[in-house]
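Here the structure comes first, spelled out in C-alpha cells, and everything after it is commentary.
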Amino acid sequence: MNTSLMFLEILVALAGLGILVGDLWTPDKHKKKLGYGAAAFLGILFLISFQVQVGNVKYAFGGMYILDSLAIFFKRVFLLAGGVVMLMAVEFTPKIKRGVSEFYALLLFALAGMMIAASAYDFSLLFVTLELITITFYILASYLRSETASLEAGVKYLILGALSSAVLVFGIALLFGSTSALSFLEITETLGQSSGSLASNPLAIAGAVLVFAGLAFKLAIFPFQFWAPDVYQGAPSPVTAFLAVGSKAAGMVLVLRVLFQALPSITLNWSAFLATLAIFTILYGNLAAIPQKNLKRMLGYSSIAQAGYLMMGIVAMSSAGASAILFYLVGYAVTVLSAFLTLTLCVNAIGSSEIKSLSGLMDRSPLLASTMILAMVSLAGIPPLVGFFGKFMLIQSVVESAPAGWGCLVVAAIIGVVASLYYYLGVVRAIIWDKSPNTELEKIQISTPSQALLYAGIFMMIYLGFFQNQVVEAAQNAASVFNF
Amino acid sequence: MIQFEHYLIVSALLFCIGLLGVLTRKNLLVLYMSLELMLNAANLALVAASRFHDNLNGQIMVFFIITVAAAEVSVGLALIVALFRRRQTTNVQDLSELKL
C-alpha cells in the first residue's frame with residue numbers, strides 16, 4: 001500500500017476537518033481568519049506540490065490510484081484554484097448568515113475530491129470522487145438558502161447532477177458487464193485483446209457512450225449544458241468560480257483518462273461524433289450568451305463555449321491536442337478566477353451582478369475595472385493575452401491532426417470567437433463608456449490580500465500571453481502519459 | 001435457465017422507466033424516486049454481471065453506489081425541504097426565477 005502518494009489530498013481533507021474543529025474555539029468575528037489560514041495552507045501545498053517527483057508512474061490501492069505527470073499537473077491547477085477561491089470565500093463571508101466555517105470546509109472537501117479525481121484510475125474511484133465533488137457542490141450552490149435564487153440553483157443542480165450520475169453509473173455497469181473489469185488498466189487490456197471483437201460489442205459501446213454522457217454533464221458539453229447558466233447565476237460567486245474552474249477541470253481530466261486511457265479501442269473512432277458535439281457546444285454557448293444581461297449568467301454561457309473549445313483538443317486525438325487542452329485550462333483558470341474575484345468584490349460593493357451595474361467602475365476602482373477588462377479580453381481570445389494563445393494552440397492541434405470534419409470545426413470555432421467579441425466587449429463598454437446614473441459614487445475599498453491577488457491575476461494574464469514556454473512544457477510533459 | 005442477458009433487459013427497463021419518470025414528472029419527490037430507480041437499475045446490472053463473470057468487484061461497486069446514493073438523498077431531501085419552507089412548493093415548474 002502506497003498511501004504516502006496521496007499526502008496532498010490527505011492534507012487538504014485534514015485541513016477541512018481542522019477548520020470544522022477550529023470553528024468551535026473561534027468567535028464569530030474571527031471566523032475570517034480560518035479562511036485566510038486555509039488559503040495560506042493551500043498556497044504552501046501548491047509550492048510543495050512542485051517538490052513531488054514523478055519520474056515513473058506510481059500506483060496505490062491496487063492500481064486504483066495513479067500518480068503520473070498528468071495527475072500532478074491537475075493537482076497543481078486545483079490547488080491554485082482552491083487557494084484563490086478560498087480568498088474569494090473570505091471576501092464573500094459577510095453575505096453568509098450562518099455556517100461560515102462549514103463553507104470553507106466544504107470548499108476544501110470539494111478540492112480534495114478534485115485532486116483525487118486527477119488520480120482516479122478505476123471506475124469505482126472515478127464514481128466516488130465525482131460524487132464527492134458533486135454532492136459538495138449541491139450544498140455549496142444552495143448555501144444562501146434564504147435567497148430563492150441560490151436555493152433554486154441548488155435544486156436544479158441536484159436533479160440534473162443526480163441524473164448524470166445515474167447515467168454514468170449505468171454506463172459503468174454496462175462496461176463491467178462486457179469486460180468484467182473496473183480498473184482502467186484491465187479494461188484497456190480486455191478491450192484490446194481478441195482482435196478488437198469486444199471493442200465492437202454493442203454493450204461496451206453503449207457503456208462508453210453513457211459514461212461519456214455522465215462526464216460531459218460536468219463539463220457542460222451540448223446537449224448536457226442546460227444546467228450551467230441557471231446554476232452559475234444562482235450560486236454564490238466563489239462557488240460559481242470553483243464550478244467554472246475546478247469542476248470543469250476535474251471533468252476534463254476524467255474525460256481524458258476515460259477516453260484515451262481506459263477505452264481507447266472504442267473512442268478513437270469517435271472523432272466525427274465528438275467534433276459534432278464540439279461544434280454545437282461552441283455555437284450554442286456563444287450565441288446564447290449574446291442577449292444576457294447578468295454577468296454571472298453570461299459567464300455561464302461563456303463557460304459552455306469554453307468547454308466547446310476544449311473539446312477541440314479531444315477531437316484532435318493527438319498529444320498536441322491534449323497538451324493544448326492543459327495549457328488552455330491553465331489560462332482559463334487564471335482568467336476566470338480574476339474575473340470572479342473582481343465580480344465578488346463588485347457585488348459586495350454594488351449589490352448586483354447585472355452588467356449595467358458595472359457602469360462607472362473605472363472611476364470607482366481602476367484596479368477592479370482593469371482586471372475585469374483584461375479578463376474579458378482574454379476570454380474573448382484577443383492577442384496578446386493568454387486566452388488567445390490557448391485558442392491558437394487548440395485550433396492548431398485540430399488542423400495538424402486533421403480528423404474527419406475538421407474544417408467545419410475550425411470554422412465554427414472562428415464564428416464562435418467572433419460572436420463572443422460582442423458580449424465580452426459589451427462588459428468592457430459598460431465599464432468604460434456607460435455613464436452611471438448617479439455620478440458621485442464612492443471609491444470601492446479592497447482588502448490587501450485581494451489587491452495582491454488582482455495584481456497577480458493581471459500579471460499572469462499578460463505574462464502567459466508572451467512567455468508560455470514553461471507552462472507549455474509542463475503541459476506537454478503531462479500529456480505524454482497518453483499513447484496515441 | 002436465466003442468463004445474464006435477462007438481468008440486463010430487466011435493468012435496462014428499470015433504467016428507462018426511471019429516465020421517463022425524471023423527464024415527465026413534475027413533483028421533485030417523485031423525480032427523486034425515479035432517480036433512485038435509475039441507480040438501482042445499475043446496481044442490478046452490476047450484481048448480475050458480478051455473479052455471471054465470477055468477479056466480486058461489481059458487488060463492491062454496488063456498496064459504493066448504495067452509500068453514495070444515501071449521501072445524495074440526505075442532501076437532496078434537505079434541499080427539497082428548504083425549498084418547500086421558502087416557497088411552499090415542490091413542483092419543478094415553479095422553479096422559474098432564474099432566467100434571462
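In what follows, every chain begins at residue 1, and chains take the letters A, B, ... in the order their sequences are listed.
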I need the [X] [atom1] to [Y] [atom2] distance, nearest 0.5 Å.
| X | Y | atom1 | atom2 | result |
| --- | --- | --- | --- | --- |
| B:S74 | A:Y138 | OG | OH | 11.5 Å |
| A:L151 | B:R85 | CG | CZ | 11.0 Å |
| B:H53 | A:S178 | NE2 | OG | 7.0 Å |
| A:F123 | B:N57 | CZ | CG | 13.0 Å |
| A:R145 | B:L83 | CZ | CG | 12.5 Å |

Note: vs chain B, highest number of non-hydrogen pairs under 4.5 angstrom among A:S180, A:A173, A:G234 is A:S180
Per-residue tally against chain B (heavy atom, under 4.5 Å) across A:L174, A:T148, A:I172, A:N294 peaks at A:T148
task = Could you check if a side-chain atom of A:E131 sits within less than 4.5 angstrom of a side-chain atom of B:E72, using non-hydrogen atoms only?
result = yes
State, with a plain yes or no, whether a side-chain heavy atom of A:V167 is found less than 4.5 Å away from one of B:M38.
yes
Honestly, the part of A:L203 sitting under 4.5 Å from a heavy atom of chain B is side chain
The interface call for A:F127 against chain B, heavy-atom contacts under 4.5 Å, is side chain
Filtered by a 4.5 Å non-hydrogen cutoff, the part of residues 2-9 of chain B contacting chain A is B:F4, B:L8
Q | Polar side-chain atom of B:R86 near backbone of A:E147 as donor-acceptor pair, under 3.5 Å | A | no
Part of [X] within contact of chain A (heavy atom distance under 4.5 Å):
| X | answer |
| --- | --- |
| B:V22 | side chain |
| B:F15 | side chain |
| B:S50 | both |
| B:L19 | side chain |
| B:L31 | side chain |
| B:T67 | neither |

Expected contact set for residues 153-166 of chain A against chain B at heavy-atom separation under 4.5 Å reads A:A153, A:G154, A:V155, A:K156, A:L158, A:I159, A:A162, A:L163, A:S165, A:A166
For B:G58 and A:F176, the nearest pair of non-hydrogen atoms, with its separation, is N-CZ, 3.3 Å
Of the listed B:L44, B:I65, B:N40, the one with the largest count of heavy-atom pairs under 4.5 Å with chain A is B:I65
Answer yes or no: does atom [atom1] of [X] have more than 12 heavy-atom neighbours from other residues, nucleotides or ligands under 6.0 Å?
| X | atom1 | answer |
| --- | --- | --- |
| A:K356 | NZ | no |
| A:F226 | CZ | yes |
| B:R87 | CZ | yes |

